[in-house]
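Input: a single structure, listed below in structure tokens.
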Amino acid sequence: METEVIHVNASPSVAGDEMKHIGAVITSLREAYGWRLGKFAEAIETTHSHLSNIEAGRKRCTPEMARRIADTLGVPLAAITTGRPVEEIA
């Protein structure tokens, strides 16, 4: 399986697609691990609305936020940033 590369200087449409993809990965992992959005937002020290915006691809997930999400879920950071299944990375 190919590893997805996140382009820092990507065009707005590519960046928007990446934001939506990462948001969908975060939502999928959060739900798979049984977290409700509000409780998870508290656990990663952000607001419900901010996490909702990240998951919807309306806000960028910063590297620091991705690390907090990965640490709280107990998954490798690459599970969020590459979109590869946790089983492939762990």
Side-chain angles (χ1 to χ4, degrees):
M1 174 179 232
E2 276 187 40
T3 301
E4 181 177 335
V5 178
I6 298 176
H7 302 281
V8 176
N9 295 321
S11 68
S13 64
V14 171
D17 289 345
E18 285 176 2
M19 287 171 36
K20 287 178 185 173
H21 175 74
I22 289 172
V25 168
I26 293 167
T27 301
S28 179
L29 287 169
R30 176 181 57 75
E31 290 175 348
Y33 283 84
W35 284 90
R36 295 184 63 154
L37 192 124
K39 290 291 182 186
F40 193 67
E42 287 177 25
I44 62 171
E45 300 177 351
T46 193
T47 64
H48 180 282
S49 63
H50 188 243
L51 180 57
S52 179
N53 282 323
I54 290 171
E55 289 187 354
R58 292 185 295 265
K59 294 276 185 184
R60 189 175 76 84
C61 183
T62 65
E64 178 186 322
M65 181 65 69
R67 169 54 62 203
R68 290 198 314 243
I69 291 168
D71 288 349
T72 302
L73 292 172
V75 300
L77 181 60
I80 294 167
T81 60
T82 66
R84 292 174 55 199
V86 173
E87 301 80 36
E88 281 186 19
I89 300 164

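Everything numeric here is computed off the predicted structure, so don't read it as measured data. In this chain, residues are counted from 1 in sequence order.
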Q) So if you build clusters from Ile, Leu, Val, Met, Phe, Trp, Tyr with side-chain heavy-atom gaps below 4.5 Å, do L77 and V25 land together? A) no
Q: Please identify each residue that fulfils side chain to side chain donor-acceptor pair (under 3.5 Å) with T27, with sequence neighbours left out.
A: E55
**Q.** Rounded distance (nearest 0.5 Å) linking atom CD1 of I22 with atom CD1 of I80
**A.** 9.0 Å
**Q.** Over all atoms of both residues, closest heavy-atom pair of M19 and G57
**A.** CE-O, 3.1 Å
Q.
Could you measure the distance from the CG atom of L37 to the CD1 atom of I26? Nearest 0.5 Å is fine.
A. 10.5 Å
Q) To the nearest 0.5 Å, what is the distance between CD1 (I69) and CH2 (W35)? A) 11.5 Å
Q) Which residue pairs pass the salt bridge (charged side-chain N to carboxylate O under 4.0 Å, His left out) test with at least one member in residues 34-47, sequence neighbours excluded? A) none
Q. When you measure from the side chain of T82 to the backbone N and O of A78, does any donor-acceptor pair fall under 3.5 Å?
A. yes
Q: For the residue pair K59 and S52, establish whether any side-chain heavy-atom pair is separated by less than 4.5 Å.
A: no
Q. Got a sec, which pairs hit side chain to side chain donor-acceptor pair (under 3.5 Å) with one end in residues 65-80, sequence neighbours left out?
A. E64-R68, R67-D71
Q.
Within this structure, what is the SG-CG distance for the pair C61 and L51, rounded to the nearest 0.5 Å?
A. 9.0 Å
(Q) So, using side chain to side chain donor-acceptor pair (under 3.5 Å) as the criterion, who are the partners of H50 when residues are at least two apart? (A) T46
Q: For S28, check side chain to side chain donor-acceptor pair (under 3.5 Å) against everything at least two apart and list the hits.
A: none
